[in-house]
Amino acid sequence: MLLSKLLGERFKEKPQEAKSISHIFLLRGGYIRQVSNGIFSMLLPAQKIKTKIEKILREEMDSIQGQEVIFPVVLPGELWQESGRFEAVGSELLRIKDRTNKDLLLAMTHEEAAVHLARSEAKSYTQYPFMIYQIQTKFRDEARSRGGLIRVREFTMKDAYSFHTTEEDLDKYYNKCLEAYNNIYKRAGIPEVICVESDSGMMGGKVAHEFMLLTDIGEDTIVVCDKCEYKSNMEVATGKLEAIKKDEEPIKKVHTPNINTISDIAKYFGVPEEHTLKAAVYNVEGESKPLVIFIRGDLQVNIAKAQKIVKAVLSPFEDYENSDLKFGFIGPYKLDLEKINVLYDKSLEGETNLICGANDTDYHYSGFSIIRDSVAKDFVDISEVKEGQSCPNCEGKLKFKRGIEVGNIFKLGKKYTESMNMTYIDQDGKAKVPIMGCYGIGVGRMIASIIEANNDQYGPIWPISVAPWQIHICALKSKNININDVGKEIYEKLNKKFEVIFDDRGLAPGIQFADADLLGIPVRIILGEKNLKNNQVEIITRDKKIKKLVDLNDVYKEVELIVKMLEDSL
RNA sequence: CGGGGUGUGGCUCAGUUUGGCUAGAGCGCCUGGUUUGGGUCCAGGAGGCCGCAGGUUCGAGUCCUGUCACCCCGACCA
C-alpha cells in the first residue's frame with residue numbers, strides 16, 4: 001500500500017469529543033469516523049486490524065471444534081417471542097416493521113437464531129456436543145454509547161453457541177472455551193486480560209465469566225483479592241461478613257427528630273455506621289407489594305444481586321405517601337408484614353445491639369438484636385462489596401480495579417432450548433432438551449482495548465499479529481538522490497512476503513514520522529540520504545526497543561528476523 | 001431517562017456578554033519557491049446555508065421561541 005493513496009487523514013489536534021486514548025488515536029490516525037451516535041465507519045487500517053483479529057478468532061474457535069455459520073441480522077419478532085425476549089428486553093432491542101406490518105428486529109445477540117437452526121438439524125444424541133459460531137454485526141440501541149469503539153450501538157461480534165446432552169459435558173467444554181479465550185487475548189497482544197466471575201444478567205443461566213482488560217477508563221468495577229486468585233465483577237462479588245461483637249442491650253425507643261440518614265443516626269447515637277441497620281425499598285416489576293431490604297447501615301444494596309434473588313427488575317420505591325412505610329424510619333422490629341415483602345442481608349446475621357428505624361416518624365430503636373427481636377430466619381447476600389473488605393476465600397483484602405469487558409462466556413442451561421422446544425432423541429429413545437452455553441467477543445472493543453494496553457504518547461503500538469501492516473517504509477526527501485526509487489525497490493521486494501506500507505510522499509520528516517507513529521506499524525524502515533550514502537538504512541521497531549543501521553543488502557534478511565522475533569513474543 | 005455542555009470551512013477554536021462595515025485565526029488542502037532525520041519558512045489561492053425553523057429589529061453568528069444533532073456525568077447495559 002502506498003501511503004500517498006491511503007484514505008484517512010491523520011491530524012495532530014486532539015479531537016474534542018474523544019476522552020479515552022483509544023478513541024483519540026483511532027480518530028487521529030484515520031482509523032474510524034463517526035457516522036452517528038455509537039455508529040462508526042472504519043477505514044482501511046482499522047478494517048485490516050479487524051480482519052486479523054477475526055482470523056485469530058476463527059482459528060481458536062475452529063480449534064475447539066466450532067463450525068462457522070452465519071445468522072441473519074434481521075430476525076422475525078415471532079422468533080424472539082418464543083423465548084419471551086421480544087417482550088422482556090427493553091428499548092435496547094431495535095424493533096422494526098416490514099411492509100406488511102410484521103414485527104422484525106435487529107439482532108443484538110443470536111441465541112434464538114442459534115436454537116432455530118440447531119433444533120432442526122441436531123435431532124440425535126450422536127450429533128452432540130457441537131458448537132456453532134459466527135462473526136456478525138450486532139445492533140444494540142444503547143442508552144449511552146461512549147469511548148469510541150468501546151461502547152457502540154452497531155458492532156461486530158464473534159458469538160458462539162454450544163449444545164450438550166449433560167451438564168458435565170457443558171462444564172468440560174466451557175473450560176475449553178475459557179482456555180481458547182485466553183489464547184485469543186494472548187495472540188492479540190493483550191495477555192493481561194483476566195477472567196472474572198460475573199453476573200449472567202437477563203441472559204439467564206447460572207455461571208458466567210467476563211474477560212476484563214484492567215484499565216482506568218474501564219466501565220466495570222472488578223474486585224480482586226490481594227492475596228489469592230479471587231477475581232469478580234462487582235455485580236456478583238462477595239466479601240466476608242462477620243457479626244460485630246457487641247453486648248446485647250434491651251430494646252429502647254428513642255426520639256430522633258428529623259434524623260433519617262445513616263450518617264446522622266450514627267452521629268446522633270455516637271456509634272459507627274456499622275452499628276446501624278438500614279432499609280432500602282424497591283418496586284418489584286409485576287408485584288404489587290414493595291420489597292423492603294434490610295442491610296447493615298455501612299453497606300449498600302447491590303441491585304444486581306437483589307434482582308437475581310427476586311427474579312424481577314427492581315426500581316426505587318417512591319410512593320411513601322400511599323403506604324404505611326415511614327421514609328427514613330423503617331425498621332424490622334414489629335414491622336407489619338401484610339403489605340410488603342422483606343429480605344434480610346447476610347450482613348445482619350447474628351448482629352446485636354443495632355440502631356434501626358421504629359416505623360414511627362422521628363423515632364428509632366436502639367439495642368435491636370436480629371435474632372431476639374425479629375422474625376428474620378433467612379439471610380441472603382444482597383450487599384455491595386466494599387473496598388478493604390476481607391476476601392471470601394482467604395485472609396486477603398479486596399481491592400477495586402476498573403476494567404473493559406472484552407469477552408464473556410455463559411452457561412445458559414436450558415433457558416432457550418426449553419422455551420423454544422428444542423429436543424433430541426437420546427440413547428433411550430426419549431426426547432430430551434439440550435443444554436447450552438454461549439461465548440462472545442466484541443471485535444471493535446478488542447481493537448480499542450489493544451490500543452488502551454499498547455500505546456505511547458505518539459500513537460498505538462500494534463502487536464504484530466493484528467497490525468494493519470507489518471512493515472512501514474519511510475522514504476525521506478532528498479535533493480541529491482531519488483530515495484523514493486530506492487524505497488520502491490525495497491517495498492516491492494518485501495511486499496512479496498510481508499504486508500508493507502510505503503510512505504512515498506516525500507514530505508518533511510517530522511510529518512512522516514508522526515504519521516508512522518499514528519499508524520503504529522511494528523517494523524519501520526527509514527531511508528535517509530545520510531545513511532544511504534553508506535549503503536545503509538535504519539530499522540526501528542515501533543516500541544523503540546530495536547534500533548539499528550543495516551546494510552542495504554541485508555534489509556530483507558534483517559526484517560525477516562525482526563518480524564519472526566515479534567511474532568514469537570506473542 | 002435525569003443533570004451539565006457544545007453546534008461558526010476537513011480539524012482545533014475566537015467572535016455571542018453589550019446586535020452594526022464584506023465573519024476571523026492556526027492546522028489541513030491547492031499553486032509557486034524554500035527546507036530535508038521529529039509536524040521548516042515565505043508568498044499567493046480555494047473553501048463557510050454561523051446546526052435547522054420561525055420570530056423581534058432598519059439591521060441577527062450575536063436577542064427570543066421552538067426543534068435537531070453531538071459530547072460529558074449519572075441511571076441502564078443480554
Side-chain angles (χ1 to χ4, degrees), chain A residues 7-20 23-24 27-28 30 33-39 80 83-86 88-93 105 107-112 138-148 150-153 155 157 159 161 198-205 208 210 219-220 233 235 303-304 307 313-316 405 408-410 412 415-416 438-440 442 445 457-459 474-481 483 503 505-518 524-533 536-538 540 544 547 549:
Chain A
L7 219 54
E9 193 192 1
R10 289 158 301 280
F11 48 88
K12 57 180 162 185
E13 286 96 354
K14 175 181 164 298
Q16 179 201 24
E17 71 266 25
K19 299 284 179 272
S20 67
H23 193 190
I24 291 169
L27 288 170
R28 282 190 52 205
R33 294 292 179 247
Q34 183 164 347
V35 178
S36 178
N37 177 332
I39 299 179
W80 277 53
S83 70
R85 287 208 292 188
F86 193 74
V89 175
S91 48
E92 291 130 83
L93 177 63
L105 57 91
M108 56 196 298
T109 173
H110 281 87
E111 284 74 18
E112 286 81 358
K138 300 265 185 289
F139 190 91
R140 293 181 186 175
D141 197 358
E142 292 281 353
R144 186 174 163 223
S145 47
R146 73 189 94 178
I150 289 176
R151 188 174 166 84
V152 292
R153 296 198 292 169
F155 59 100
M157 185 173 186
D159 46 324
Y161 307 89
S198 76
D199 186 24
S200 59
M202 302 304 273
M203 278 287 271
E210 288 170 341
E219 302 185 292
D220 293 84
N233 193 310
E235 291 168 341
I303 295 193
Q307 291 186 152
V313 175
L314 299 181
S315 58
E405 182 188 338
N408 53 34
I409 54 180
F410 296 87
L412 292 177
K415 172 168 167 138
Y416 298 92
C438 80
Y439 319 88
R445 193 178 276 190
Q457 59 173 304
Y458 304 108
C474 267
L476 302 180
K477 208 179 192 178
S478 156
K479 220 182 342 198
N480 304 312
I481 3 174
I483 295 187
D503 189 349
R505 298 172 300 170
L507 298 173
I511 299 176
Q512 293 193 311
F513 292 147
D515 280 354
D517 287 339
L518 282 170
R524 187 181 309 172
I525 303 172
I526 303 170
L527 311 177
E529 184 178 326
K530 243 184 320 184
N531 291 327
L532 276 178
K533 273 184 181 156
Q536 285 186 313
V537 301
E538 184 182 334
I540 180 171
K544 313 279 190 320
K547 184 174 177 168
L549 287 175

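In what follows, every heavy atom counts, from backbone to side chain, and hydrogens, waters and symmetry copies are set aside. Convention: sequence-line order gives letters A, B, ...; per-chain numbering from 1.
- For Arg524(A), counting side-chain heavy atoms from C-beta on, the closest listed nucleotide (G38(B), A78(B), U35(B)) is G38(B).
- In this structure, C1(B) and G74(B) make a Watson-Crick or G-U wobble pair, each of the two defining distances being under 3.5 angstrom.
- When the C1' atom is used for both G24(B) and U40(B), the distance is 25 Å, rounded to whole Å.
- Side-chain N/O atoms of Asn37(A) include one lying less than 4.0 angstrom from OP1 or OP2 on C71(B).
- Which of G39(B), U36(B), G37(B) sits closest to the side chain of Asp515(A) comes down to G39(B).
- Nucleotides C1(B) and G61(B) are separated by 33 Å at their C1' atoms, to the nearest Å.
- Nucleotide A14(B): unpaired (no Watson-Crick or G-U wobble partner with both distances less than 3.5 Å).
- The gap from the C1' atom of A14(B) to that of U31(B) amounts to 29 Å, rounded to the nearest Å.
- When Watson-Crick and G-U wobble pairs are counted only if both distances are under 3.5 Å, U40(B) pairs with no nucleotide at all.
- Taking atom P in both G7(B) and C63(B), one finds a spacing of 12 Å when rounded to whole Å.
- When the C1' atom of G39(B) is taken as reference, atom OH of Tyr458(A) falls 12 Å away, rounded to whole Å.
- G20(B) and C58(B) make up a base pair, with Watson-Crick or G-U wobble contacts both under 3.5 Å.
- With a 3.5 Å ceiling on both atom-pair distances, the Watson-Crick or G-U wobble partner of U67(B) is G51(B).
- Atom CD1 of Ile150(A) is separated from atom P of C72(B) by 11 Å (rounded to the nearest Å).
- If you check every strand for non-hydrogen atoms under 4.0 Å, Ala514(A) touches a base.
- Among the protein residues, Arg146(A) comes within range of the nucleic acid bases, having at least one heavy atom under 4.0 Å from a base atom.
- In this structure, Glu529(A) and Glu219(A) both approach RNA chain B, and ranking their closest nucleotides by distance from the 5' end singles out Glu529(A).
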Problem set entry | side-chain hydrogen bond (donor to acceptor under 3.5 Å, both in side chains) between Asn531(A) and Glu538(A), intermediate numbers included | CA-CA 8 Å; Asn531(A) 291 327; Glu538(A) 184 182 334; 4.6 Å; no
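- Looking at Glu112(A) and Phe86(A), their side chains never come closer than 4.5 Å, going by heavy atoms from C-beta outward.
- Taking atom CD1 of Ile511(A) as the reference point, atom C1' of C41(B) lies 13 Å away to the nearest angstrom.
- Contact between Leu518(A) and Tyr458(A) at its shortest, heavy atoms only, is CD2-O, 3.5 Å.
- Contact check on Glu111(A) versus Lys415(A) returns no salt bridge, with no Lys/Arg side-chain nitrogen under 4.0 Å from an Asp/Glu carboxylate oxygen.
- Note: CG (Asn480(A)) to C1' (U35(B)) measures 13 Å, nearest angstrom.
- Following rounding to the nearest Å, Glu17(A) (CD) and A69(B) (C1') show an atom-to-atom distance of 13 Å.
- Which of G10(B), G38(B), G37(B) sits closest to the side chain of Asn531(A) comes down to G37(B).
- Between atom OG of residue Ser20(A) and atom CD1 of residue Ile150(A) there is a gap of 4.5 Å, rounded to the nearest 0.5 Å.
- A donor N or O paired with an acceptor N or O is found under 3.5 Å between the base of G37(B) and the side-chain atoms of Glu538(A).
- A sub-4.0 Å separation between OP1 or OP2 of C70(B) and a side-chain N or O of Ser36(A) is present.
- Nucleotides A43(B) and U34(B) have their P atoms positioned 16 Å apart, rounded to a whole Å.
- Of the residues near RNA chain B, His23(A) and Asn408(A), the one whose nearest nucleotide (by heavy atom distance) lies more toward the 5' end is His23(A).
- The environment of NZ in Lys14(A) is crowded: more than 12 heavy-atom neighbours from other residues, nucleotides or ligands sit within 6.0 Å.
- At least one side-chain nitrogen or oxygen of Gln16(A) sits closer than 4.0 Å to the OP1 or OP2 atom of C13(B).
- In this structure, Arg505(A) atom CZ and U40(B) atom P are separated by 12 Å, rounded to whole Å.
- A heavy-atom distance below 4.5 Å is not found between the side chains of Arg85(A) and Met108(A).
- In this structure, Asp517(A) reaches the bases: a heavy-atom distance under 4.0 Å links it to at least one base atom across the strands shown.
- Taking the C1' atom of each, U57(B) and G19(B) are spaced 9 Å apart, rounded to whole Å.
- Using a 4.5 Å heavy-atom cutoff, the side chains of Ile39(A) and Val152(A) are not in contact.
- With distances taken from any side-chain atom of Glu13(A) to the nucleotides A78(B), C71(B), C11(B), the minimum falls on C11(B).
- A gap of 41 Å separates the P atoms of G33(B) and C52(B), to the nearest Å.
- Comparing C70(B), G74(B), A78(B) by their nearest atom to the side chain of Arg144(A) picks out G74(B).
- Note on Ile526(A): a base of the nucleic acid sits closer than 4.0 angstrom, heavy atoms only.
- A donor-acceptor contact under 3.5 Å is not formed by the side chain of Lys14(A) with the base of U12(B).
- Side-chain N/O atoms of Gln34(A) include one lying less than 4.0 angstrom from OP1 or OP2 on C71(B).
- Of the candidate nucleotides A78(B), G10(B), U40(B), U40(B) has the atom nearest to the side chain of Ala508(A).
- Considering only side-chain atoms of Arg28(A), the nucleotide from A78(B), G39(B), U36(B) that sits closest is G39(B).
- Checked against G39(B), C76(B), G37(B), the side chain of Ala143(A) finds its nearest nucleotide in C76(B).
- A60(B) and C50(B) have their P atoms separated by 12 Å, with the value rounded to a whole Å.
- When the P atom of G39(B) is taken as reference, atom CZ of Phe513(A) falls 10 Å away, rounded to whole Å.
- Put simply, NZ on Lys530(A) is 8 Å from P on G38(B), counting in whole angstrom units.
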For this session: Under the side-chain contact (heavy atoms from CB on, under 4.5 Å) rule, what do Glu529(A) and Leu476(A) come out as? Steps first, then yes or no, please.
Result: CA-CA 8 Å; Glu529(A) 184 178 326; Leu476(A) 302 180; over 6 Å; no
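- Nucleic acid contact class of Gly90(A) (heavy atoms, under 4.0 Å, all strands): base.
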